[in-house]
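For reference, the structure is listed below as C-alpha coordinates.
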Amino acid sequence: MKIRIIFIVVVVLALLAGVPWYGSASIVQFGIDALLTATLAQGWNLIGGYAGYPSFGNSVFYGLGTYGTAIAMAQFGLPFWAGLVVGGILAVLCALLLGIPILRLRGPYFAIATLGLAAAMGAVIANLGIAGRNNGLILPLFRGDALFYELALGLLALTTLMIYLVSESRFGAGLIAIRENEDAAAVMGVNTTLYKVMALALSGFVSALAGGIHAYWITFIDPGSAFDATLNVKMVIMAVFGGPGTVLGPIIGAFLLSAISEVLAAKISTVAGLFFGGVIVLAVVFMPKGLIDVGYGVRRLGLSYFVQNIRQNRL
Amino acid sequence: MTASEPKPIFTARGLTKRFRGLTALSAVSFTQNEGEILGLIGPNGAGKTTLVSLISGTLSPTEGEIEFEGQRIDGLKSYRRAHLGIGRTFQVMKPFPGLSVLENVAIGALFGTGRGERSRVRARERARACLDFTGLNHRADQRADALGGPDRKRLELAKALAMQPKFLLLDEVMAGLNPVEVEEVIALIMKIRANGVSILVIEHVMKAIRRLSDRLFVLHHGEKIAEGKPDEVLNDPRVVEAYLGRRRR
(Lines give C-alpha, C1' and ligand atoms only; values in the text may rest on other atoms or scores of the structure.)
Protein backbone atom coordinates (compact mmCIF):
# COMPACT_ATOMS: atom_id res chain seq x y z
CA MET A 1 0.00 0.00 0.00
CA LYS A 2 2.63 2.46 1.11
CA ILE A 3 4.98 1.43 -1.69
CA ARG A 4 2.18 1.86 -4.20
CA ILE A 5 1.48 5.40 -3.01
CA ILE A 6 5.17 6.32 -3.17
CA PHE A 7 5.32 4.84 -6.68
CA ILE A 8 2.32 6.90 -7.83
CA VAL A 9 3.78 10.09 -6.32
CA VAL A 10 7.13 9.51 -8.07
CA VAL A 11 5.46 8.86 -11.43
CA VAL A 12 3.22 11.93 -11.18
CA LEU A 13 6.19 14.09 -10.15
CA ALA A 14 8.29 12.75 -13.03
CA LEU A 15 5.50 13.41 -15.54
CA LEU A 16 5.06 16.95 -14.22
CA ALA A 17 8.82 17.57 -14.15
CA GLY A 18 9.05 16.52 -17.79
CA VAL A 19 6.55 19.10 -19.05
CA PRO A 20 9.22 21.62 -20.20
CA TRP A 21 10.65 18.92 -22.50
CA TYR A 22 7.44 17.81 -24.16
CA GLY A 23 5.05 20.73 -23.56
CA SER A 24 4.72 23.94 -25.52
CA ALA A 25 6.02 27.28 -24.24
CA SER A 26 2.52 28.45 -23.33
CA ILE A 27 1.84 25.24 -21.39
CA VAL A 28 5.03 25.77 -19.41
CA GLN A 29 4.01 29.35 -18.63
CA PHE A 30 0.56 28.24 -17.59
CA GLY A 31 2.26 25.53 -15.49
CA ILE A 32 4.47 28.01 -13.60
CA ASP A 33 1.45 30.09 -12.74
CA ALA A 34 -0.65 27.09 -11.72
CA LEU A 35 2.13 25.58 -9.61
CA LEU A 36 2.76 28.84 -7.77
CA THR A 37 -0.95 29.40 -7.09
CA ALA A 38 -1.21 25.80 -5.90
CA THR A 39 1.68 26.49 -3.50
CA LEU A 40 -0.18 29.56 -2.21
CA ALA A 41 -3.39 27.53 -1.77
CA GLN A 42 -1.37 24.88 0.04
CA GLY A 43 0.22 27.54 2.28
CA TRP A 44 -3.23 28.92 3.08
CA ASN A 45 -4.35 25.37 3.81
CA LEU A 46 -2.12 25.25 6.87
CA ILE A 47 -3.58 28.30 8.63
CA GLY A 48 -7.06 28.29 7.03
CA GLY A 49 -7.68 24.60 6.43
CA TYR A 50 -5.94 22.96 9.39
CA ALA A 51 -6.00 25.65 12.10
CA GLY A 52 -9.35 27.03 10.85
CA TYR A 53 -8.23 30.66 10.75
CA PRO A 54 -9.45 32.12 7.42
CA SER A 55 -6.48 34.34 6.64
CA PHE A 56 -6.84 37.11 4.09
CA GLY A 57 -3.34 38.24 4.91
CA ASN A 58 -1.48 35.54 3.02
CA SER A 59 -1.20 37.89 0.05
CA VAL A 60 0.86 40.09 2.40
CA PHE A 61 3.38 37.27 2.84
CA TYR A 62 3.39 36.71 -0.90
CA GLY A 63 3.97 40.43 -1.42
CA LEU A 64 6.78 40.52 1.13
CA GLY A 65 8.44 37.60 -0.61
CA THR A 66 8.07 39.39 -3.91
CA TYR A 67 9.54 42.62 -2.59
CA GLY A 68 12.19 40.96 -0.43
CA THR A 69 13.55 39.20 -3.50
CA ALA A 70 13.21 42.23 -5.72
CA ILE A 71 14.91 44.62 -3.30
CA ALA A 72 17.75 42.20 -2.61
CA MET A 73 18.38 41.65 -6.32
CA ALA A 74 17.60 45.05 -7.85
CA GLN A 75 18.89 47.36 -5.09
CA PHE A 76 21.73 45.30 -3.60
CA GLY A 77 22.74 43.10 -6.50
CA LEU A 78 22.41 39.95 -4.42
CA PRO A 79 21.85 36.55 -6.06
CA PHE A 80 18.40 35.07 -6.44
CA TRP A 81 18.68 32.55 -3.61
CA ALA A 82 19.67 35.33 -1.19
CA GLY A 83 16.60 37.25 -2.32
CA LEU A 84 14.41 34.27 -1.52
CA VAL A 85 15.95 34.07 1.95
CA VAL A 86 15.34 37.79 2.54
CA GLY A 87 11.72 37.47 1.41
CA GLY A 88 11.14 34.39 3.55
CA ILE A 89 12.60 36.06 6.63
CA LEU A 90 10.50 39.19 6.10
CA ALA A 91 7.33 37.10 5.86
CA VAL A 92 8.13 35.04 8.96
CA LEU A 93 8.94 38.20 10.96
CA CYS A 94 5.68 39.75 9.82
CA ALA A 95 3.76 36.60 10.80
CA LEU A 96 5.37 36.54 14.25
CA LEU A 97 4.92 40.27 14.95
CA LEU A 98 1.40 40.64 13.64
CA GLY A 99 0.20 37.10 14.26
CA ILE A 100 0.39 37.35 18.02
CA PRO A 101 -2.16 40.21 18.31
CA ILE A 102 -4.28 39.29 15.28
CA LEU A 103 -4.59 35.59 16.07
CA ARG A 104 -6.45 36.51 19.26
CA LEU A 105 -9.38 37.42 17.03
CA ARG A 106 -11.69 34.66 15.92
CA GLY A 107 -13.76 33.88 12.83
CA PRO A 108 -14.85 36.86 10.74
CA TYR A 109 -12.97 39.34 12.96
CA PHE A 110 -9.71 37.60 12.17
CA ALA A 111 -10.56 37.63 8.46
CA ILE A 112 -11.33 41.37 8.50
CA ALA A 113 -8.17 42.24 10.44
CA THR A 114 -5.98 40.31 8.00
CA LEU A 115 -7.74 41.95 5.07
CA GLY A 116 -6.91 45.34 6.58
CA LEU A 117 -3.31 44.23 6.92
CA ALA A 118 -3.09 43.53 3.19
CA ALA A 119 -4.32 47.01 2.31
CA ALA A 120 -2.00 48.67 4.83
CA MET A 121 1.11 46.79 3.70
CA GLY A 122 0.56 47.75 0.08
CA ALA A 123 0.36 51.41 1.10
CA VAL A 124 3.54 51.17 3.18
CA ILE A 125 5.52 49.66 0.31
CA ALA A 126 4.19 52.25 -2.12
CA ASN A 127 5.84 54.92 0.04
CA LEU A 128 9.20 53.27 0.59
CA GLY A 129 12.05 54.64 -1.49
CA ILE A 130 14.04 51.42 -1.36
CA ALA A 131 11.03 49.57 -2.78
CA GLY A 132 10.71 51.97 -5.72
CA ARG A 133 7.54 53.60 -4.34
CA ASN A 134 4.61 53.45 -6.75
CA ASN A 135 6.84 52.82 -9.74
CA GLY A 136 7.83 49.35 -8.64
CA LEU A 137 11.11 47.57 -9.27
CA ILE A 138 12.71 45.89 -12.26
CA LEU A 139 14.66 42.70 -11.62
CA PRO A 140 17.60 41.46 -13.69
CA LEU A 141 16.28 39.63 -16.72
CA PHE A 142 16.66 35.89 -16.75
CA ARG A 143 15.15 33.85 -19.55
CA GLY A 144 14.59 30.29 -18.54
CA ASP A 145 11.00 29.27 -18.17
CA ALA A 146 12.03 25.64 -17.73
CA LEU A 147 14.09 26.51 -14.66
CA PHE A 148 11.28 28.57 -13.12
CA TYR A 149 8.89 25.73 -13.84
CA GLU A 150 11.10 23.19 -12.04
CA LEU A 151 11.60 25.59 -9.12
CA ALA A 152 7.86 26.09 -8.76
CA LEU A 153 7.26 22.34 -8.97
CA GLY A 154 9.94 21.69 -6.36
CA LEU A 155 8.46 24.29 -4.01
CA LEU A 156 4.98 22.82 -4.37
CA ALA A 157 6.30 19.29 -3.75
CA LEU A 158 8.21 20.36 -0.63
CA THR A 159 5.24 22.36 0.67
CA THR A 160 2.96 19.36 0.18
CA LEU A 161 5.47 17.09 1.90
CA MET A 162 5.50 19.52 4.82
CA ILE A 163 1.68 19.55 4.97
CA TYR A 164 1.68 15.74 4.93
CA LEU A 165 4.20 15.58 7.79
CA VAL A 166 2.22 18.16 9.76
CA SER A 167 -1.02 16.27 9.22
CA GLU A 168 0.55 13.14 10.70
CA SER A 169 2.14 14.92 13.66
CA ARG A 170 1.13 15.99 17.13
CA PHE A 171 1.40 19.59 15.90
CA GLY A 172 -1.17 18.87 13.19
CA ALA A 173 -3.53 17.23 15.67
CA GLY A 174 -3.26 20.35 17.83
CA LEU A 175 -4.09 22.61 14.87
CA ILE A 176 -7.14 20.51 14.02
CA ALA A 177 -8.26 20.63 17.66
CA ILE A 178 -7.96 24.43 17.56
CA ARG A 179 -10.09 24.51 14.41
CA GLU A 180 -12.74 22.24 15.87
CA ASN A 181 -13.00 23.92 19.28
CA GLU A 182 -10.32 26.25 20.54
CA ASP A 183 -11.54 26.45 24.16
CA ALA A 184 -11.64 22.69 24.49
CA ALA A 185 -8.20 22.41 22.86
CA ALA A 186 -6.73 24.85 25.40
CA VAL A 187 -8.02 23.06 28.51
CA MET A 188 -6.84 19.75 27.05
CA GLY A 189 -3.27 21.05 26.93
CA VAL A 190 -2.81 22.52 23.44
CA ASN A 191 -0.63 25.65 23.52
CA THR A 192 -3.04 27.43 21.21
CA THR A 193 -1.16 30.71 20.79
CA LEU A 194 2.14 29.02 19.92
CA TYR A 195 0.51 26.59 17.49
CA LYS A 196 -1.45 29.29 15.67
CA VAL A 197 1.56 31.57 15.32
CA MET A 198 3.70 28.68 14.07
CA ALA A 199 1.06 27.74 11.51
CA LEU A 200 0.85 31.34 10.30
CA ALA A 201 4.65 31.66 10.10
CA LEU A 202 5.03 28.42 8.10
CA SER A 203 2.17 29.46 5.87
CA GLY A 204 3.80 32.86 5.39
CA PHE A 205 7.19 31.34 4.62
CA VAL A 206 6.03 29.19 1.70
CA SER A 207 3.86 32.03 0.36
CA ALA A 208 6.90 34.30 0.38
CA LEU A 209 9.00 31.78 -1.53
CA ALA A 210 6.26 31.53 -4.15
CA GLY A 211 6.25 35.33 -4.35
CA GLY A 212 10.03 35.43 -4.79
CA ILE A 213 10.01 32.93 -7.64
CA HIS A 214 7.16 34.79 -9.32
CA ALA A 215 9.00 38.12 -9.01
CA TYR A 216 12.18 36.86 -10.69
CA TRP A 217 10.15 35.13 -13.40
CA ILE A 218 7.97 38.16 -14.22
CA THR A 219 10.93 40.62 -13.69
CA PHE A 220 8.74 43.61 -12.97
CA ILE A 221 6.77 44.19 -9.77
CA ASP A 222 4.73 47.04 -8.32
CA PRO A 223 2.67 47.39 -5.13
CA GLY A 224 -0.63 46.79 -6.92
CA SER A 225 0.34 43.40 -8.31
CA ALA A 226 2.37 42.24 -5.30
CA PHE A 227 -0.25 43.04 -2.67
CA ASP A 228 -3.30 42.07 -4.67
CA ALA A 229 -6.18 41.05 -2.39
CA THR A 230 -7.86 39.08 -5.18
CA LEU A 231 -4.86 36.76 -5.15
CA ASN A 232 -5.76 35.89 -1.56
CA VAL A 233 -9.38 35.32 -2.55
CA LYS A 234 -8.07 32.94 -5.22
CA MET A 235 -6.05 30.94 -2.67
CA VAL A 236 -9.06 30.59 -0.41
CA ILE A 237 -11.38 29.56 -3.23
CA MET A 238 -8.94 26.99 -4.59
CA ALA A 239 -8.22 25.45 -1.19
CA VAL A 240 -11.89 25.35 -0.24
CA PHE A 241 -12.93 24.05 -3.66
CA GLY A 242 -10.44 21.18 -3.46
CA GLY A 243 -10.81 20.36 0.22
CA PRO A 244 -9.41 22.44 3.07
CA GLY A 245 -7.60 20.58 5.83
CA THR A 246 -6.55 17.75 3.50
CA VAL A 247 -3.10 17.06 2.03
CA LEU A 248 -4.05 16.96 -1.66
CA GLY A 249 -7.33 18.89 -1.83
CA PRO A 250 -5.88 22.39 -2.34
CA ILE A 251 -3.61 21.17 -5.17
CA ILE A 252 -6.50 19.52 -6.99
CA GLY A 253 -8.61 22.66 -6.50
CA ALA A 254 -5.83 24.93 -7.71
CA PHE A 255 -5.02 22.90 -10.83
CA LEU A 256 -8.64 22.44 -11.80
CA LEU A 257 -9.70 26.04 -11.27
CA SER A 258 -6.55 27.39 -12.95
CA ALA A 259 -7.29 25.21 -15.97
CA ILE A 260 -10.97 26.17 -16.10
CA SER A 261 -10.27 29.88 -15.87
CA GLU A 262 -7.50 29.60 -18.50
CA VAL A 263 -9.81 27.86 -20.95
CA LEU A 264 -12.67 30.24 -20.24
CA ALA A 265 -10.49 33.31 -20.61
CA ALA A 266 -9.32 32.07 -24.00
CA LYS A 267 -12.74 31.04 -25.33
CA ILE A 268 -15.31 33.43 -23.92
CA SER A 269 -13.34 36.16 -22.26
CA THR A 270 -16.21 38.51 -21.38
CA VAL A 271 -18.42 36.11 -19.44
CA ALA A 272 -15.53 34.06 -18.04
CA GLY A 273 -15.70 35.75 -14.65
CA LEU A 274 -19.44 35.22 -14.43
CA PHE A 275 -19.16 31.53 -15.20
CA PHE A 276 -16.26 31.14 -12.78
CA GLY A 277 -18.28 32.77 -10.02
CA GLY A 278 -21.21 30.46 -10.77
CA VAL A 279 -19.01 27.36 -10.48
CA ILE A 280 -17.80 28.51 -7.08
CA VAL A 281 -21.29 29.20 -5.74
CA LEU A 282 -22.48 25.75 -6.84
CA ALA A 283 -19.37 24.11 -5.41
CA VAL A 284 -19.84 25.70 -2.00
CA VAL A 285 -23.52 24.76 -1.90
CA PHE A 286 -23.14 21.15 -3.03
CA MET A 287 -19.71 20.27 -1.67
CA PRO A 288 -18.71 22.60 1.16
CA LYS A 289 -15.91 20.26 2.23
CA GLY A 290 -14.35 20.31 -1.21
CA LEU A 291 -13.91 17.96 -4.11
CA ILE A 292 -11.85 15.49 -2.13
CA ASP A 293 -14.75 14.85 0.25
CA VAL A 294 -17.14 14.16 -2.65
CA GLY A 295 -15.37 10.88 -3.38
CA TYR A 296 -15.86 9.53 0.15
CA GLY A 297 -19.31 11.08 0.54
CA VAL A 298 -20.81 9.68 -2.65
CA ARG A 299 -19.39 6.22 -2.01
CA ARG A 300 -20.95 6.28 1.46
CA LEU A 301 -24.26 8.01 0.83
CA GLY A 302 -24.76 8.09 -2.95
CA LEU A 303 -26.40 11.18 -4.36
CA SER A 304 -28.06 11.96 -1.03
CA TYR A 305 -24.59 13.24 -0.04
CA PHE A 306 -25.40 16.45 -1.95
CA VAL A 307 -28.86 16.69 -0.40
CA GLN A 308 -27.30 16.34 3.04
CA ASN A 309 -24.85 19.15 2.29
CA ILE A 310 -27.69 21.44 1.25
CA ARG A 311 -29.51 20.62 4.48
CA GLN A 312 -26.43 21.31 6.55
CA ASN A 313 -26.19 24.69 4.87
CA ARG A 314 -29.82 25.29 5.86
CA LEU A 315 -30.82 26.29 2.35
CA MET B 1 -12.44 8.28 53.60
CA THR B 2 -10.01 5.51 54.31
CA ALA B 3 -6.88 7.69 54.40
CA SER B 4 -6.06 8.85 57.92
CA GLU B 5 -4.40 12.17 57.10
CA PRO B 6 -6.18 14.12 54.32
CA LYS B 7 -3.53 15.69 52.10
CA PRO B 8 -4.58 18.79 50.14
CA ILE B 9 -3.93 18.69 46.39
CA PHE B 10 -5.65 21.94 45.51
CA THR B 11 -6.36 25.10 47.46
CA ALA B 12 -8.31 28.22 46.51
CA ARG B 13 -8.01 31.32 48.67
CA GLY B 14 -10.37 34.29 48.43
CA LEU B 15 -11.33 33.75 44.79
CA THR B 16 -13.31 36.65 43.44
CA LYS B 17 -14.50 37.12 39.88
CA ARG B 18 -16.26 40.24 38.69
CA PHE B 19 -17.66 40.68 35.19
CA ARG B 20 -17.92 44.45 34.80
CA GLY B 21 -20.42 45.28 37.58
CA LEU B 22 -21.57 41.74 38.28
CA THR B 23 -19.81 39.80 41.02
CA ALA B 24 -20.03 36.16 39.99
CA LEU B 25 -17.87 34.89 42.83
CA SER B 26 -16.84 36.65 46.00
CA ALA B 27 -14.01 35.51 48.26
CA VAL B 28 -14.52 31.77 47.84
CA SER B 29 -11.97 29.56 49.59
CA PHE B 30 -11.85 25.77 49.63
CA THR B 31 -9.47 22.85 49.75
CA GLN B 32 -9.58 19.66 47.72
CA ASN B 33 -7.91 16.65 49.29
CA GLU B 34 -6.04 13.99 47.39
CA GLY B 35 -8.22 11.09 46.29
CA GLU B 36 -11.33 12.85 47.52
CA ILE B 37 -14.62 13.44 45.76
CA LEU B 38 -15.67 16.95 46.64
CA GLY B 39 -19.20 17.96 45.73
CA LEU B 40 -20.23 21.46 44.69
CA ILE B 41 -23.88 22.45 44.51
CA GLY B 42 -25.82 25.67 44.28
CA PRO B 43 -28.85 27.15 42.52
CA ASN B 44 -28.58 28.35 38.91
CA GLY B 45 -26.32 31.37 38.61
CA ALA B 46 -24.54 30.65 41.89
CA GLY B 47 -21.13 30.81 40.19
CA LYS B 48 -20.32 27.09 39.98
CA THR B 49 -19.20 27.07 36.37
CA THR B 50 -17.30 30.33 36.91
CA LEU B 51 -15.37 28.61 39.70
CA VAL B 52 -14.50 25.66 37.44
CA SER B 53 -13.34 28.05 34.74
CA LEU B 54 -11.08 29.85 37.22
CA ILE B 55 -9.53 26.53 38.24
CA SER B 56 -8.99 25.32 34.67
CA GLY B 57 -7.68 28.71 33.55
CA THR B 58 -10.43 29.42 31.05
CA LEU B 59 -11.08 32.59 33.07
CA SER B 60 -8.68 34.48 35.29
CA PRO B 61 -9.70 35.66 38.77
CA THR B 62 -10.18 39.31 39.71
CA GLU B 63 -8.70 38.53 43.13
CA GLY B 64 -7.46 35.50 45.01
CA GLU B 65 -4.91 32.71 44.77
CA ILE B 66 -4.94 29.15 43.45
CA GLU B 67 -2.47 26.49 44.51
CA PHE B 68 -2.06 23.05 42.94
CA GLU B 69 0.30 20.51 44.49
CA GLY B 70 1.90 23.29 46.51
CA GLN B 71 2.57 25.50 43.47
CA ARG B 72 0.85 28.81 42.66
CA ILE B 73 -0.91 28.36 39.32
CA ASP B 74 -3.18 31.38 39.00
CA GLY B 75 -0.77 33.01 36.53
CA LEU B 76 -0.64 29.95 34.29
CA LYS B 77 -2.55 29.57 31.05
CA SER B 78 -5.01 26.72 30.72
CA TYR B 79 -2.75 24.53 28.60
CA ARG B 80 -0.04 24.69 31.29
CA ARG B 81 -2.57 23.71 33.95
CA ALA B 82 -3.60 20.80 31.76
CA HIS B 83 0.06 19.71 31.57
CA LEU B 84 0.23 19.85 35.38
CA GLY B 85 -2.73 17.48 35.62
CA ILE B 86 -5.97 19.48 35.80
CA GLY B 87 -8.70 18.19 33.51
CA ARG B 88 -12.25 19.43 33.11
CA THR B 89 -15.48 18.77 31.29
CA PHE B 90 -17.74 21.52 30.04
CA GLN B 91 -21.35 21.86 31.10
CA VAL B 92 -22.09 23.20 27.63
CA MET B 93 -20.28 20.33 25.93
CA LYS B 94 -17.42 21.20 23.64
CA PRO B 95 -16.64 18.20 21.43
CA PHE B 96 -14.50 18.51 18.30
CA PRO B 97 -17.56 18.10 16.07
CA GLY B 98 -15.93 17.16 12.78
CA LEU B 99 -13.60 14.51 14.22
CA SER B 100 -14.39 10.91 15.02
CA VAL B 101 -15.10 9.96 18.62
CA LEU B 102 -11.73 8.20 18.78
CA GLU B 103 -9.85 11.25 17.43
CA ASN B 104 -11.65 13.46 19.95
CA VAL B 105 -10.39 11.38 22.83
CA ALA B 106 -6.93 10.94 21.28
CA ILE B 107 -6.44 14.73 21.49
CA GLY B 108 -6.69 14.41 25.27
CA ALA B 109 -4.06 11.65 25.22
CA LEU B 110 -1.72 13.56 22.86
CA PHE B 111 -1.69 16.62 25.09
CA GLY B 112 -2.93 16.52 28.69
CA THR B 113 -0.91 15.71 31.81
CA GLY B 114 2.86 15.74 31.42
CA ARG B 115 2.26 17.11 27.91
CA GLY B 116 0.78 13.79 26.84
CA GLU B 117 1.88 11.02 24.50
CA ARG B 118 4.42 11.88 21.80
CA SER B 119 3.18 9.34 19.28
CA ARG B 120 -0.25 9.42 17.70
CA VAL B 121 -0.38 5.63 17.58
CA ARG B 122 0.05 5.33 21.34
CA ALA B 123 -2.37 8.21 21.88
CA ARG B 124 -4.98 6.26 19.92
CA GLU B 125 -4.34 3.18 22.06
CA ARG B 126 -4.85 5.21 25.21
CA ALA B 127 -7.98 6.73 23.69
CA ARG B 128 -9.34 3.23 22.96
CA ALA B 129 -8.84 2.31 26.61
CA CYS B 130 -10.76 5.42 27.69
CA LEU B 131 -13.59 4.60 25.30
CA ASP B 132 -13.73 1.10 26.76
CA PHE B 133 -13.87 2.57 30.22
CA THR B 134 -16.76 4.92 29.39
CA GLY B 135 -18.61 2.42 27.22
CA LEU B 136 -18.26 4.35 23.98
CA ASN B 137 -16.15 1.88 22.04
CA HIS B 138 -18.93 0.91 19.64
CA ARG B 139 -19.10 4.55 18.53
CA ALA B 140 -15.35 5.09 18.08
CA ASP B 141 -15.51 5.74 14.34
CA GLN B 142 -18.57 7.97 14.29
CA ARG B 143 -18.31 11.71 14.04
CA ALA B 144 -18.72 13.45 17.40
CA ASP B 145 -21.60 15.59 16.17
CA ALA B 146 -23.56 12.43 15.32
CA LEU B 147 -23.78 11.44 18.99
CA GLY B 148 -26.92 11.86 21.06
CA GLY B 149 -27.09 13.56 24.48
CA PRO B 150 -25.98 10.77 26.84
CA ASP B 151 -23.16 9.66 24.56
CA ARG B 152 -21.99 13.26 24.27
CA LYS B 153 -21.70 13.36 28.05
CA ARG B 154 -19.69 10.15 27.95
CA LEU B 155 -17.46 11.61 25.25
CA GLU B 156 -16.85 14.72 27.34
CA LEU B 157 -15.81 12.47 30.21
CA ALA B 158 -13.63 10.23 28.02
CA LYS B 159 -11.80 13.27 26.57
CA ALA B 160 -10.95 14.52 30.06
CA LEU B 161 -9.91 11.03 31.23
CA ALA B 162 -7.57 10.55 28.29
CA MET B 163 -5.54 13.45 29.68
CA GLN B 164 -4.85 11.24 32.72
CA PRO B 165 -5.59 14.11 35.08
CA LYS B 166 -4.69 14.14 38.75
CA PHE B 167 -7.50 16.58 39.47
CA LEU B 168 -10.70 16.20 37.49
CA LEU B 169 -13.44 18.84 37.36
CA LEU B 170 -16.82 17.46 36.33
CA ASP B 171 -19.29 20.19 35.41
CA GLU B 172 -22.76 18.65 35.40
CA VAL B 173 -21.97 15.43 33.59
CA MET B 174 -25.29 13.94 34.71
CA ALA B 175 -27.65 16.71 33.61
CA GLY B 176 -30.26 15.38 31.20
CA LEU B 177 -29.51 11.70 31.85
CA ASN B 178 -32.20 9.19 32.86
CA PRO B 179 -31.91 7.36 36.22
CA VAL B 180 -30.28 4.29 34.66
CA GLU B 181 -27.66 6.44 32.93
CA VAL B 182 -27.09 8.39 36.14
CA GLU B 183 -26.30 5.11 37.93
CA GLU B 184 -23.79 4.25 35.20
CA VAL B 185 -22.06 7.59 35.54
CA ILE B 186 -21.94 7.31 39.33
CA ALA B 187 -20.24 3.94 38.95
CA LEU B 188 -17.80 5.47 36.46
CA ILE B 189 -16.89 8.32 38.79
CA MET B 190 -16.32 5.86 41.63
CA LYS B 191 -14.02 3.85 39.37
CA ILE B 192 -12.08 6.96 38.40
CA ARG B 193 -11.55 7.85 42.05
CA ALA B 194 -10.45 4.30 42.77
CA ASN B 195 -7.58 5.01 40.33
CA GLY B 196 -6.43 7.78 42.65
CA VAL B 197 -7.88 10.81 40.87
CA SER B 198 -9.14 13.72 42.97
CA ILE B 199 -12.52 14.85 41.68
CA LEU B 200 -14.61 17.99 42.02
CA VAL B 201 -18.20 17.20 41.04
CA ILE B 202 -20.73 19.87 40.21
CA GLU B 203 -24.19 18.43 40.02
CA HIS B 204 -27.86 19.21 40.20
CA VAL B 205 -28.88 15.59 40.74
CA MET B 206 -29.06 15.60 44.55
CA LYS B 207 -29.29 11.87 45.02
CA ALA B 208 -26.12 11.39 43.03
CA ILE B 209 -24.16 14.09 44.81
CA ARG B 210 -25.22 12.77 48.22
CA ARG B 211 -23.91 9.32 47.35
CA LEU B 212 -20.75 10.41 45.59
CA SER B 213 -19.31 13.17 47.74
CA ASP B 214 -17.00 12.71 50.67
CA ARG B 215 -17.53 16.36 51.43
CA LEU B 216 -19.80 18.98 49.94
CA PHE B 217 -19.88 22.75 49.68
CA VAL B 218 -22.58 25.10 48.54
CA LEU B 219 -22.40 28.31 46.52
CA HIS B 220 -25.19 30.85 46.55
CA HIS B 221 -24.98 34.24 44.81
CA GLY B 222 -21.26 33.69 44.43
CA GLU B 223 -20.58 33.03 48.11
CA LYS B 224 -19.83 29.84 49.96
CA ILE B 225 -22.69 29.35 52.40
CA ALA B 226 -22.03 25.86 53.74
CA GLU B 227 -19.44 23.07 53.79
CA GLY B 228 -19.18 19.65 55.40
CA LYS B 229 -20.56 16.12 55.28
CA PRO B 230 -23.25 15.74 52.60
CA ASP B 231 -26.11 14.91 54.98
CA GLU B 232 -25.34 17.80 57.30
CA VAL B 233 -24.96 20.27 54.46
CA LEU B 234 -28.14 19.23 52.68
CA ASN B 235 -30.14 19.68 55.89
CA ASP B 236 -28.56 23.04 56.72
CA PRO B 237 -31.38 25.62 56.91
CA ARG B 238 -29.37 28.14 54.86
CA VAL B 239 -28.96 25.59 52.07
CA VAL B 240 -32.64 24.64 52.13
CA GLU B 241 -33.50 28.34 51.99
CA ALA B 242 -31.17 28.94 49.03
CA TYR B 243 -32.92 26.23 47.05
CA LEU B 244 -36.53 26.58 48.21
CA GLY B 245 -36.75 30.12 49.53
CA ARG B 246 -37.55 31.32 53.06
CA ARG B 247 -40.24 29.47 54.96
CA ARG B 248 -43.25 31.61 55.83
CA ARG B 249 -43.89 31.96 59.52
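Numbered from 1 within each chain, the chains take letters A, B, ... in sequence-line order.
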Are more than 12 heavy atoms, taken from residues, nucleotides or ligands other than [X], located less than 6.0 Å from that residue's [atom1] atom?
X        : atom1 : value
A/Lys289 : NZ    : yes
A/Arg104 : CZ    : no
B/Phe19  : CZ    : yes
A/Lys234 : NZ    : no
A/Leu303 : CG    : no
A/Ile3   : CD1   : no

Interchain contact, [X] with chain A, by part (heavy-atom threshold 4.5 Å):
X        : value
B/Glu117 : backbone
B/Arg118 : both
B/Pro95  : backbone
B/Lys159 : both

So, does B/Arg120 use its side chain to make a donor-acceptor pair with the main chain of A/Arg170 at under 3.5 Å?
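Such a contact is absent between B/Arg120 side chain and A/Arg170 backbone.
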Supply the atom-to-atom distance [X] [atom1] to [Y] [atom2], rounded to the nearest 0.5 angstrom.
X        : Y        : atom1 : atom2 : value
A/Tyr195 : B/Phe111 : OH    : CZ    : 4.0 Å
A/Glu180 : B/Asp145 : CD    : CG    : 8.5 Å
B/Ile107 : A/Asn181 : CD1   : CG    : 11.0 Å

Sort out for me which of B/Arg81, B/Arg80, B/Arg115 touches chain A most, counting heavy-atom pairs under 4.5 Å.
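When all of B/Arg81, B/Arg80, B/Arg115 are compared, B/Arg115 has the most.
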Of all of B/Ser56, B/Ser119, B/Gly98, which one pairs up most often with chain A through heavy atoms under 4.5 Å apart?
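Between B/Ser56, B/Ser119, B/Gly98, the count favours B/Gly98.
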Looking only at heavy atoms, what is the nearest atom pair of B/Phe90 and A/Ala184, with distance?
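Heavy atoms of B/Phe90 and A/Ala184 come nearest at CE1-CA, 4.1 Å.
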Which of residues 186-193 of chain A have a heavy atom under 4.5 Å from any heavy atom of chain B?
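Listed by number, the contacting residues are A/Ala186, A/Val187, A/Met188, A/Gly189, A/Val190, A/Asn191, A/Thr193.
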Quick check: under 4.5 Å, non-hydrogen atoms only, which of residues 159-168 of chain A neighbour chain B?
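Answer by number: A/Ser167, A/Glu168.
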